[in-house]
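First listed ligand is number 1; within each ligand, the first listed atom is number 1. In this chain, numbering begins with 1 at the start of the sequence shown. Computed from heavy atoms alone, side chains included, the values below leave out hydrogens, waters and symmetry copies.
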Amino acid sequence: MRRASPVVRDPQSGMWMVFDYAGVQRTLSDWKAFSSERGRPRGENAESALSSSIISTDPPRHRQLRALVEQAFTPRQVRALAPRIGELVDELLAPVEGSGRMDFVLDLAYPLPVIVIAEILGIPASDRDRFKRWSDAVVTGDLSGSREMAAYFGRLIEERRHVPGEDLISGLIAAQVGGEHLNTQELLGFCILLLVAGNETTTNLLANTVLCWQGAPEAYERVVADRDLLPTTIEESLRFRSPVQSMFRVTAQDVELGGQLIPEGSPVLAWIGSANRDEAQFPDAARFDPARTPNRHLAFGHGVHFCLGAPLARLEASLALEALLERLPNLRVAPGTVLDPIPSQIVSGVKRLPV
Ligand code: HEM
């Protein structure tokens with residue numbers, strides 16, 4: 001499919017599908033032709049708050065918003081989180097160390113990113129459990145859950161306007177470019193975006209890495225023997241089992257791509273998961289190679305929308321997987337496990353993973 005018909009129109013949905021590396025890279029980065037902004041809902045609910053966030057805007061508005069949020073979310077600030085993330089990994093692994101058994105998703109890969117984002121945003125620990133429900137609510141389009149979350153963040157933003165703290169929400173309220181601040185709807189959109197974009201994706205990166213190891217035991221043995229391979233292993237996991245499989249755009253003009261003419265106003269899905277297996281870009285693409293270099297995968301996107309949370313996701317993955325290699329060096333998926341994939345076209349992962 002990728003080689004023979006890299007760009008096709010699905011007759012049922014009317015959606016254009018892009019499968020090859022060059023096409024996906026262009027779809028994600030050529031914002032003049034492939035808009036992130038067109039066709040997004042506008043209104044007062046959580047979905048529309050999300051649509052006023054950076055992920056759903058095109059330049060020049062995108063550039064301004066991104067400059068504002070980047071001030072509050074710099075790689076340096078993320079690096080400073082390492083000791084706290086290490087502590088959280090220790091806390092989450094402590095109960096399972098005795099038995100040597102755990103559900104990798106429920107015990108570690110799911111709670112870790114939720115707690116990290118909650119702490120970054122300055123959410124009280126007592127409210128963390130509501131996060132999963134809210135995050136699911138936005139993804140599944142459950143309006144009452146989304147409204148509850150929007151109302152919660154709305155209250156929190158007002159509180160921080162009056163009494164600022166050291167947290168990201170206070171940082172976002174204070175940030176400005178050319179004298180301009182984020183308005184309440186944009187603040188809300190960014191909080192919800194972080195919750196949705198940062199949680200399930202990082203959970204799946206962690207669990208998918210264990211699945212990559214399961215499918216390539218010799219790769220796992222190599223990393224156990226040589227921890228220096230962990231960074232390239234994480235990149236290879238992002239390529240091989242990409243947590244975000246596809247991203248959506250709408251054409252802002254007639255576009256020629258992969259020998260096809262896509263008319264203006266067409267919905268387009270860029271298949272990141274497929275691009276990351278493109279032999280034209282990755283020699284021996286179907287093999288999980290923990291030492292693969294170079295590895296220019298598109299798992300975090302490409303161009304102006306390149307994932308803002310990539311340094312955080314990489315940091316969480318390296319600290320969690322390092323601790324795992326250290327403490328549970330004979331990690332195996334429990335025999336007889338039947339994998340239960342997350343039912344989604346966009347994210348790739350499993351609901352549980354007994355190890
Ligand atoms: C954007 C993937 C973790 C925040 C993106 C995009 C991808 C992606 C593919 C590009 C979207 C597009 O082109 O439309 C991932 C993966 C992750 C991850 C695979 C984990 C393994 C995170 C985390 C955060 C985060 C931890 C924040 C805490 C964002 C934000 C954007 C974004 C804010 C929008 C950037 C923009 O539009 O300028 N992510 N992400 N992501 N991601 Fe991530």
Run the side-chain contact (heavy atoms from CB on, under 4.5 Å) test on Trp213 and Val333 for me, step by step, so that the C-alpha distance in whole Å, both residues' side-chain angles and the decisive distance to 0.1 Å come before the verdict. CA-CA 9 Å; Trp213 283 338; Val333 175; over 6 Å; no

Atom 28 (C) of ligand 1: closest protein heavy atom, distance to 0.1 Å, is Ile117 CD1, 3.2 Å

Linking I/L/V/M/F/W/Y whenever any side-chain heavy atoms sit under 4.5 Å apart, do Val347 and Met15 land together? no

What do we get for Ile120 next to ligand 1 when only non-hydrogen atoms under 4.0 Å count, side chain, backbone, both or neither? neither

The answer for which part of Asn204 has a heavy atom under 4.0 Å from ligand 1 is neither

Among protein heavy atoms, which sits nearest to atom 13 (O) of ligand 1, and what does the distance come to when rounded to 0.1 Å? Arg249 NH2, 2.8 Å

Could you tell me whether some N/O pair between His62 and ligand 1 is separated by less than 3.5 angstrom? yes

For atom 43 (Fe) of ligand 1, check which protein N, O or S atoms are under 2.8 Å away and list them. Cys307 SG

Does ligand 1 have a heavy atom under 4.0 Å from the side chain of Leu312, from its backbone, from both, or from neither? side chain

To which protein heavy atom is atom 33 (C) of ligand 1 closest, and what is the distance rounded to 0.1 Å? Leu193 CD2, 3.5 Å

Could you tell me whether some N/O pair between Thr202 and ligand 1 is separated by less than 3.5 angstrom? no

Are Arg239 and Phe282 in a cation-pi setup, meaning NZ or CZ lies under 6.0 angstrom from the ring centre and within 45 degrees of the ring axis? yes

Side-chain heavy atoms of Leu312 within contact of Phe73, under 4.5 Å: yes

Heavy atom of Thr57 under 4.0 Å from ligand 1? no

Is it true that Ala299 lies under 4.0 Å from ligand 1, counting heavy atoms only? yes

In this structure, atom 27 (C) of ligand 1 is nearest to the protein heavy atom Leu194 CD2, 3.6 Å

Closest protein heavy atom to atom 10 (C) of ligand 1, given as residue, atom name and distance to 0.1 Å: His305 O, 3.5 Å

Could Glu236 and Arg287 be called an ion pair, given the rule that one side-chain N must be under 4.0 Å from one carboxylate O? no

Compute the minimum heavy-atom distance from Phe248 to ligand 1 and say whether it is under 4.0 Å. no

For atom 38 (O) of ligand 1, state which one of Arg314, Arg63, Arg66, His297 supplies the nearest heavy atom. Arg66

Rounded at 0.5 Å granularity, tell me how far CG in Leu238 sits from NE2 in His297. 4.5 Å

For the pair Ser5 (side chain) and Val8 (backbone), establish whether a donor and an acceptor sit closer than 3.5 Å, ignoring hydrogens and angles. no

